[in-house]
Enquirer: 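Take a look at this one; I'll ask things after.
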Amino acid sequence: QVQLVESGGGLVQAGGSLRLSCAASGRTFSSYAMGWFRQAPGKEREFVAYINWNGVSTFYRDSVKGRFTISRDNAKNTVYLQMNSLKPEDTAVYYCVADSSSSSRLRFGIYDYWGQGTQVTVSS
């Protein structure tokens with residue numbers, strides 16, 4: 001069992017930055033692929049970023065490439081999402097997810113665990 005707790009959300013002006021953190025419980029964190037999804041009001045949850053167990057492989061949705069960076073610190077059981085050059089369309093609840101599979105299926109919405117989410121609001 002893995003529990004995920006997100007933090008770092010808030011209100012920021014367009015062009016600003018935020019760093020989301022996701023703290024995971026459990027001794028097997030380093031074996032999980034991790035990722036971030038987001039859901040805006042009235043819209044479906046969508047993939048944002050993926051990182052494999054050792055941080056070597058990452059994927060991003062096209063709209064955040066070059067602006068967002070996912071990283072992880074296995075010693076701290078934490079995954080991060082650095083968000084720069086934020087836009088109003090980035091406004092959403094951001095969810096941290098974890099998947100035990102060695103594949104990158106997480107990118108397609110298949111994962112084992114998810115957190116409660118943290119709100120990110122970008123004003124224009």
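The figures that follow rest on heavy atoms only: side chains count, while hydrogens, waters and symmetry mates do not.
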Enquirer: Under the side chain to side chain donor-acceptor pair (under 3.5 Å) criterion, do Asp73 and Thr78 qualify, and how do the steps go?
Expert: CA-CA 5 Å; Asp73 186 338; Thr78 302; over 6 Å; no
Enquirer: Report the C-alpha distance between Tyr60 and Ile70 in whole Å, list the side-chain angles of each, state the deciding distance to 0.1 Å, and finish with yes or no for side-chain contact (heavy atoms from CB on, under 4.5 Å).
Expert: CA-CA 9 Å; Tyr60 300 91; Ile70 189 171; 3.4 Å; yes
Enquirer: What heavy-atom pair brings Leu4 and Cys96 nearest, and what distance separates the two atoms?
Expert: CD1-O, 3.5 Å
Enquirer: Counting only N and O atoms by type, is there a donor-acceptor contact under 3.5 Å from the side chain of Thr118 to the main-chain atoms of Gly9?
Expert: yes
Enquirer: Show the nearest heavy-atom pair for residues Asp90 and Ser85, with the distance to one decimal.
Expert: OD2-O, 4.5 Å
Enquirer: Once you round to the nearest 0.5 Å, how far does OG of Ser101 lie from CD1 of Ile110?
Expert: 8.5 Å
Enquirer: Should the heavy atoms of other residues, nucleotides or ligands under 6.0 Å from CD of Glu89 be counted, would the total exceed 12?
Expert: yes
Enquirer: Using a strict 4.0 Å threshold on nitrogen-to-oxygen distance, state whether Asp62 and Lys65 make a salt bridge.
Expert: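 Answer for the salt bridge query: yes.
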Enquirer: What are the two closest heavy atoms between Ile51 and Ser71, and how far apart are they?
Expert: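 Result for this residue pair: CD1-CA, 3.7 Å.
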Enquirer: Any side-chain donor paired with an acceptor under 3.5 Å for Arg38 and Tyr94?
Expert: yes
Enquirer: For Arg67 and Met83: C-alpha separation, side-chain torsions, deciding distance, then whether side-chain contact (heavy atoms from CB on, under 4.5 Å) applies.
Expert: CA-CA 6 Å; Arg67 299 189 299 122; Met83 306 186 295; over 6 Å; no
Enquirer: Are any of the side-chain heavy atoms of Ser31 and Trp53 separated by less than 4.5 Å?
Expert: no
Enquirer: Quick one: are Gln116 and Tyr95 in side-chain contact, heavy atoms under 4.5 Å?
Expert: no
Enquirer: Working to the nearest 0.5 angstrom, can you tell me the gap between Thr69 OG1 and Asn84 CG?
Expert: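 If we round to the nearest 0.5 Å, Thr69:OG1 and Asn84:CG are 6.5 Å apart.
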Enquirer: Would you please test Tyr50 and Met34 for side-chain contact (heavy atoms from CB on, under 4.5 Å) and show each step?
Expert: CA-CA 6 Å; Tyr50 159 92; Met34 301 295 295; over 6 Å; no
Enquirer: Between Asn52 and Ser57, is there a donor-acceptor pair closer than 3.5 Å when you use the side chain of the first and the backbone of the second?
Expert: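 The answer is yes, because a donor-acceptor pair under 3.5 Å joins these two groups.
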Enquirer: Run the side-chain contact (heavy atoms from CB on, under 4.5 Å) check on Leu106 and Phe37 step by step: do they pass?
Expert: CA-CA 10 Å; Leu106 178 154; Phe37 280 70; 3.9 Å; yes
Enquirer: Between Trp36 and Leu81, what is the shortest heavy-atom contact and its length?
Expert: NE1-CB, 3.5 Å
Enquirer: Quick check: do Val120 and Leu20 have side-chain heavy atoms less than 4.5 Å from each other?
Expert: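 The answer is yes; the side chains approach within 4.5 Å.
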Enquirer: Could you pull out the closest heavy-atom pair between Gly115 and Glu6, with the gap in Å?
Expert: CA-OE2, 3.3 Å
Enquirer: Side chains of Asp99 and Trp114: does their closest heavy-atom pair fall under 4.5 Å?
Expert: no
Enquirer: Would you compute the distance between atom CZ of Arg72 and atom SG of Cys22 and round it to the nearest 0.5 angstrom?
Expert: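 Here the interatomic distance stands at 10.0 Å.
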Enquirer: Using a strict cut-off of less than 4.0 Å between a Lys/Arg side-chain nitrogen and an Asp/Glu carboxylate oxygen, indicate whether Arg105 and Asp112 qualify as a salt bridge.
Expert: yes
Enquirer: Is the distance between the ring centroids of Phe47 and Phe59 under 6.0 Å?
Expert: no
Enquirer: For residues Ala14 and Ser124, report the shortest heavy-atom separation together with the two atoms involved.
Expert: CB-CA, 4.4 Å
Enquirer: Between the side chains of Arg61 and Ser63, is a donor N or O closer than 3.5 angstrom to an acceptor N or O?
Expert: yes
Enquirer: If I take atom CG from residue Asn77 and atom OG from residue Ser25, how far apart are they, to the nearest 0.5 angstrom?
Expert: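 Between atom CG of Asn77 and atom OG of Ser25 there are 8.0 Å.
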